[in-house]
Each structure stands twice: as structure tokens, then as C-alpha cells.
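Some notes on the structure that comes next.
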Amino acid sequence: MTTLHLSNILDRARRCKICHDLPLGPRPIIQAHQQAKLLIIGQAPGIKVHQSGIPWHDASGERLRRWLDLDNETFYDPTQIAIIPMGLCYPGKAKSGDLPPRKICAPHWHPQLLPQLPNIGMTLLIGQYAQQFYLSDKPTTLTATVAAWQQWAPRFIPLPHPSPRNSIWLKKNPWFEADVVPYIRHYVHQHLKKPLQLPLLKHP
């Protein structure tokens with residue numbers, strides 16, 4: 001298990017064209033390094049991330065970084081944080097939000113990439129697709145799954161999506177930012193560099 005091996009897999013993943021029929025074409029977006037201590041598995045890049053090529057480079061990413069208490073420099077340091085979504089490419093637009101990640105992506109790339117990350121102590125499973133893939137014994141709803149987070153901690157932490165669309169969910173479930181977010185921040189403060197120690201924002 002070497003950094004070169006991971007580098008080769010990342011190179012192949014970033015050139016992947018398995019889903020050649022994507023609306024905007026393939027553009028895999030991924031961040032990883034053998035030294036990374038935190039893994040983020042979300043859904044798939046949105047259109048803004050597809051255009052910039054930078055993971056979580058949108059309003060959702062801003063909220064996620066507040067949850068983690070990290071600045072941009074630390075968040076985008078692959079030696080600290082790995083970002084490997086369920087779908088590496090933007091899947092296209094649906095009637096409401098984006099389409100689901102392509103089902104072929106995670107089963108193909110995750111088994112190749114994750115074994116090359118031996119220092120991951122916590123994996124954030126953001127949204128239902130990541131949670132369904134990695135938590136075989138989870139409850140049926142996202143809210144119930146996130147509420148049961150201690151069942152899988154610290155290895156896996158199920159999270160709601162940090163999209164601005166979920167502000168109502170966060171307001172209805174204040175226990176998330178009162179209990180789950182501080183637990184994640186504690187791990188970040190222990191294992192990652194440059195924590196910001198920011199206060200959580202209150203939702204209107």
C-alpha cells in the first residue's frame with residue numbers, strides 16, 4: 001500500500017468515462033491522500049462544482065465547513081480530508097434537485113480507493129445514498145438514521161445534506177447541531193490542523 005498506488009487509482013478515477021452519456025459529460029471530482037484522517041462521502045457534485053472542478057465549492061460546502069469548523073485551506077488539503085462522493089460526476093438535473101448518483105460509480109471506485117486510506121478515523125455519510133450504501137442496519141428515514149448516529153460512531157457519522165434547502169430540517173431538529181456537530185468537531189480538533197472554533201449559526 002503506497003502513495004504511488006493511490007495516485008495511480010486517482011489518476012484512473014479522474015479519467016473515468018464509464019458514464020459517457022452524462023448530460024454535461026464526465027468530470028470526476030475527487031480528493032484523497034494516504035494520510036487523510038477524515039473521509040467525506042456525499043451524493044454527487046452539483047453543477048457549480050462540476051463547472052469549477054472543486055468539491056463542495058458552493059453554499060452547501062460553506063455550511064459543511066462551518067459544521068466541521070474548518071477553513072478552506074484545511075478543508076481542501078488532501079493530506080487531511082478525503083472527499084469521495086457516491087457519484088464522482090454531476091449526474092444532471094431532475095424535476096426537483098439533481099438526479100441520483102449513477103449506481104455504477106460507488107461499487108466500482110470505492111472498493112479501489114478506500115483501502116488506500118488507512119488513517120481514516122471518521123467517515124461522514126452525507127445524505128441517503130451514502131447511508132444506504134454503508135449502513136446496512138439503518139432506519140428507513142434519514143431523520144431516524146441521523147438520530148441514531150451513535151450506533152455507528154466514530155467510524156461512520158450519518159448527516160443530512162448541508163444544502164440551504166435543509167434549513168427547515170435543521171430548525172426542526174436542533175439536536176443535530178447541539179449533539180452531532182460538536183462530536184464531529186471534537187474529532188476534527190483532535191486529528192486535523194487549523195480548527196477555526198467558530199460558533200454555530202442560528203437558523204431563523
Side-chain angles (χ1 to χ4, degrees), residues 3 6 10 29-46 49 52 54-86 88 106 110 113-131 133-135 138 142-143 145-164 166-167 169-171 173-203:
T3 303
L6 174 60
L10 286 171
I29 298 172
I30 185 173
Q31 171 179 304
H33 189 280
Q34 191 180 27
Q35 296 177 12
K37 295 179 176 63
L38 179 70
L39 172 60
I40 299 172
I41 302 179
Q43 181 169 314
V49 172
S52 69
I54 303 172
W56 294 99
H57 188 235
D58 52 19
S60 297
E62 291 176 7
R63 174 175 276 164
L64 177 58
R65 285 184 282 280
R66 288 200 300 271
W67 286 350
L68 298 177
D69 194 18
L70 292 175
D71 58 17
N72 286 355
E73 181 182 356
T74 308
F75 185 82
Y76 291 115
D77 180 353
T79 67
Q80 300 201 63
I81 295 180
I83 301 173
I84 305 175
M86 292 298 294
L88 302 185
H110 284 209
L113 289 161
L114 270 57
Q116 302 299 318
L117 304 174
N119 296 308
I120 298 296
M122 177 181 287
T123 296
L124 306 182
L125 301 176
I126 300 178
Q128 60 175 324
Y129 298 105
Q131 292 161 19
F133 193 81
Y134 282 97
L135 304 178
K138 78 175 195 65
L142 182 140
T143 299
T145 301
V146 176
W149 63 276
Q150 291 177 315
Q151 179 176 338
W152 306 283
R155 182 184 179 191
F156 294 121
I157 307 293
L159 303 182
H161 199 283
S163 167
N166 274 342
S167 293
W169 186 96
L170 293 168
K171 185 177 180 180
N173 298 277
W175 51 265
F176 172 75
E177 291 188 333
D179 300 329
V180 185
V181 170
Y183 181 86
I184 298 170
R185 284 187 171 188
H186 180 70
Y187 178 85
V188 167
H189 284 219
Q190 281 191 320
H191 299 283
L192 277 72
K193 301 174 183 177
K194 298 183 180 178
L196 288 180
Q197 299 184 356
L198 295 173
L200 288 172
L201 298 182
K202 300 297 182 181
H203 302 287

To the nearest 0.5 Å, what is the distance between [atom1] ([X]) and [atom2] ([Y])?
X      : Y      : atom1 : atom2 : value
Gln43  : Ile126 : CD    : CD1   : 10.5 Å
Leu70  : Ile81  : CG    : CD1   : 5.0 Å
His186 : Asp69  : NE2   : CG    : 13.0 Å
Gln150 : Ile157 : CD    : CD1   : 9.0 Å
Asp71  : Tyr76  : CG    : OH    : 11.5 Å
Leu113 : Leu88  : CG    : CG    : 7.5 Å

| task | Could you check Val146 against Asn173 for side-chain contact (heavy atoms from CB on, under 4.5 Å), going step by step and ending with a plain yes or no? | result | CA-CA 10 Å; Val146 176; Asn173 298 277; over 6 Å; no
Heavy-atom check, side chain of [X] versus side chain of [Y], under 4.5 Å:
X      : Y      : value
Val181 : Leu159 : no
Ile29  : Ile83  : no
His110 : Met86  : yes
Leu10  : Gln116 : no
Leu114 : Thr123 : no

| Is the ring centre of His161 less than 6.0 Å from the ring centre of Trp67? | no
Would you say [X]'s side chain and [Y]'s backbone share a donor-acceptor pair under 3.5 angstrom?
X      : Y      : result
Glu177 : Lys171 : no
Tyr187 : Gly121 : yes
Gln31  : Phe75  : yes

Over all atoms of both residues, closest heavy-atom pair of [X] and [Y]:
X      : Y      : answer
Tyr183 : Ala153 : OH-CB, 3.7 Å
Leu192 : Lys37  : CD1-CB, 4.3 Å
Pro85  : Pro45  : CG-CD, 4.4 Å
Pro164 : Ser60  : CD-OG, 3.9 Å
Arg185 : Arg66  : NH2-O, 2.6 Å
Pro158 : Thr145 : CG-O, 3.5 Å

| request: Quick one: sort the Trp169 and Phe176 rings into parallel, tilted or perpendicular, breaks at 30° and 60°. | output: perpendicular
| request: Test Phe133 against Ile41 for side-chain contact (heavy atoms from CB on, under 4.5 Å), laying out the working first. | output: CA-CA 10 Å; Phe133 193 81; Ile41 302 179; over 6 Å; no
| Would you say His191 has more than 12 foreign heavy atoms packed within less than 6.0 Å of its NE2? |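 Correct, the count exceeds 12.
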| task | Begin with the C-alpha distance, continue with both residues' side-chain angles, and end with the deciding distance and a verdict on ring-ring contact (aromatic ring centres under 6.0 Å, His included) for Tyr134 and Trp152. | result | CA-CA 10 Å; Tyr134 282 97; Trp152 306 283; over 10 Å; no
| Is it the case that Thr74 and Asp77 place a side-chain donor and acceptor less than 3.5 Å from each other? |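 No, because no side-chain N or O of Thr74 sits under 3.5 Å from a partner of the opposite role on Asp77.
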